[in-house]
Amino acid sequence: MPHTRTPVVDGWFAGEGDGFRLLGTRCSSCATVFFPREDVHCRNPHCDGGSLEEVPLSRSGRVWSYTDSRYRPPSPYVSDRELPWEPYALIAVELEAERIVVLGQAAPGVTVADLTVGMEVEVVPGVLHEDAETAWTTWHWRPTGVRA
Amino acid sequence: MDVAVLGAGMHPWGKWGRSFVEYGTAAARAALADAGVDWREVGSVVGADTVRGGYPGYVAGATFAKALGWQGARVASVYAACASGAQAIATARAQILAGLADAVLVVGADAAPKGFFRPAGGDRPDDPDWLRFRVLGASNPAYFGLYARRRMAVHGDTPEDFALVKVKNAAMGALNPYARYRKRVTAEEVAASAVVADPLRLLDICATSDGGAALVLSSMEFAHRRGVTRPVRIRAVSTVTPRFPNTVLDLPDIATDSAVAVGAPDETFRASIARAAYEEAGAGPGDLSLAEVYDLSTALELQWYEDLGLCGEGEGAKLLREGATAPGGRIPVNASGGLASFGEAVPAQAIAQVCELTWQLRGTAGDRQITGARVGISANQGLFGHGSSVIAVR
Ligand SMILES: [Zn+2]
């Protein structure tokens, strides 16, 4: 069993269970939200630039589109080549408050047959892959109300 | 502001297993022969870089100049992913219009890897292209699948519509000696191919290929001195970037820009690519005889119909079903056979699109000839926000 849990990318999400959130940044001057986070300069060309403050993104949003990966992706994606490839779904989710679309893997067990454009999904903690020492954690999208 | 297309040349697309230098040099020699221009007369060479071979294709322009025999020409090399070829053409045109060179050789060639494109190696968490593979395993076809599903949900497109794009393009590719795939394909064959990224199947998605393409561009005065009184002319080259906020999820991004502070622009990035070309050419969609668009997937070809203004938003599948984009239709698209028949050879592809426009506008496209072609447009989009569109006239 892996004994440490490490985010696959630092600073993109935090929290446990119902408190799990994606983390972006927000410009103090124009209120534009960035995910993945911008920490140095606001990218709005009409903004003189403010400070960028960490902000949790909305927990749920609506499916903008979805697909899946029927073939094993190339590295740097990590998968166990000893095992047969198990396809997973990818979901692009529109967050209403932030007016942003964020891509993510679907929670394990969610297939394209379970999804429709416009349905509500929520962000949940997930594990991307594990090795002997480490569980590499990530975010997953899951239809709202469905429990793993 | 026109520049003349004096020569066009290609090395056949395929999986030849040789060096990109060989493909590019063969295409360059073919373009020079077509132009009737001696290599030693060429004042400038512009290479579209491949990421293969290290030092982005040994820094492409110089590699081709060396292979053709050093003769002192000025050199430039550009990289803009799928839009590299258009940037090479734009660079050549700027040099000609600025009076820096009379005749410029533009070359792009690639030797593609097997299977999916993948990012460069190493641990690079500040690179969006690395991140989307590391964190999501999101290959290029996954993005094509997202766009296709979105069209199905918003516009009512069907997998059968997508298959018809492949059927149309394969029929044209069968007539093109430079295409990699030269066999007609049926809708049933598309439907029977394996799903790669739902809802798209293997035959909906373009392959990656080896290939090379080249053009000899010149000033109008140089063309006239050579006795070419009515050359094909490049009238516009669009190399625009997106406008903030870019609200359509773009390869290789994990998220769009937020539109919370600044509303989404009136047009998408892809539509702005074509509009910039139309404005520069003083032309519009109604003036076109044909279009070469970047059909990375069948569904994306339908998207381009709308982005080029060939029809209204959501009407791409209807335009296809009416036969308007087939040979003999109102606006034939991808008379070359498109990426469906070529497979993508990244730095060569935008140049190859202009080779096809050149042959069509000259009336020398053989069995693929679109009768009376006068104005053609090419369009594509490169990773990381690179627009690419060329309008050629005769
Ligand atoms: Zn700002």
Taking atom [atom1] as the centre, does [X] end up with more than 12 heavy-atom neighbours from other residues, nucleotides or ligands that are less than 6.0 angstrom away?
X	atom1	answer
R124(B)	CZ	yes
R243(B)	CZ	no
E279(B)	CD	yes
R26(A)	CZ	no
E54(A)	CD	yes

Using non-hydrogen atoms and a 4.5 Å limit, figure out which bit of [X] sits close to chain A: side chain, backbone, both or neither.
X	value
L131(B)	side chain
A138(B)	both
F144(B)	neither

Need one label for [X]: side chain, backbone, both or neither, based on atoms under 4.5 Å from any heavy atom in chain B.
X	value
S79(A)	neither
A89(A)	neither
V112(A)	side chain
T138(A)	side chain
L90(A)	both
V101(A)	both

Discussion item. Assess the residue pair L146(B) and L103(A) against the criterion (side-chain contact (heavy atoms from CB on, under 4.5 Å)); give the C-alpha distance rounded to whole Å, side-chain angles, the decisive distance to 0.1 Å, and a yes or no.
Written reply: CA-CA 10 Å; L146(B) 290 171; L103(A) 193 54; 3.6 Å; yes

Residue selection (most heavy-atom pairs with chain B, distance under 4.5 Å) from [options]:
options	answer
R99(A), H46(A), E94(A)	R99(A)
L95(A), V33(A), V93(A), V102(A)	V33(A)
V117(A), D68(A), V8(A), V63(A)	D68(A)

Discussion item. Once rounded to the nearest 0.5 Å, what's the spacing between atom CZ of R43(A) and atom OG of S258(B)?
Written reply: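 Rounded to the nearest 0.5 Å, the CZ-OG separation comes out at 9.5 Å.
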
Worksheet item: Listed by residue number, which members of residues 244-252 of chain B have a heavy atom under 4.5 Å from any heavy atom of chain A?
Response: F244(B), L249(B)

Item to complete: Go through V260(B) and E98(A) one step at a time and tell me if the side-chain contact (heavy atoms from CB on, under 4.5 Å) criterion holds.
Response: CA-CA 6 Å; V260(B) 76; E98(A) 293 84 359; 5.7 Å; no

Quick check: do [X] and [Y] have side-chain heavy atoms less than 4.5 Å from each other?
X	Y	answer
R70(A)	V196(B)	no
W130(B)	P76(A)	yes
S75(A)	F133(B)	no

Worksheet item: Looking only at heavy atoms, what is the nearest atom pair of Y71(A) and A194(B), with distance?
Response: OH-CB, 3.4 Å

Practice prompt. Could you go through the side-chain contact (heavy atoms from CB on, under 4.5 Å) check for D198(B) and Y66(A) one step at a time?
Written response: CA-CA 8 Å; D198(B) 177 273; Y66(A) 58 92; 4.2 Å; yes

Worksheet item: Does the ring of W136(A) carry R134(B) above it, NZ/CZ under 6.0 angstrom from centre and within 45° of its axis?
Response: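 Yes; both conditions hold, so R134(B) lies above the ring face of W136(A).
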
Worksheet item: Hey, which of A261(B), A259(B), G145(B) has the most heavy atom pairs under 4.5 Å with chain A?
Response: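 Of A261(B), A259(B), G145(B), A259(B) has the most heavy-atom pairs under 4.5 Å with chain A.
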
Item to complete: Output yes when a side-chain donor or acceptor of Y147(B) lies under 3.5 Å from a complementary backbone atom of S65(A), and no otherwise.
Response: no

Discussion item. I'd like to know whether I254(B) forms a side-chain contact (heavy atoms from CB on, under 4.5 Å) with F35(A), so could you lay out the CA-CA distance, the side-chain angles of the two residues, the decisive distance to 0.1 Å, and finally the verdict.
Written reply: CA-CA 8 Å; I254(B) 287 176; F35(A) 182 86; 4.1 Å; yes

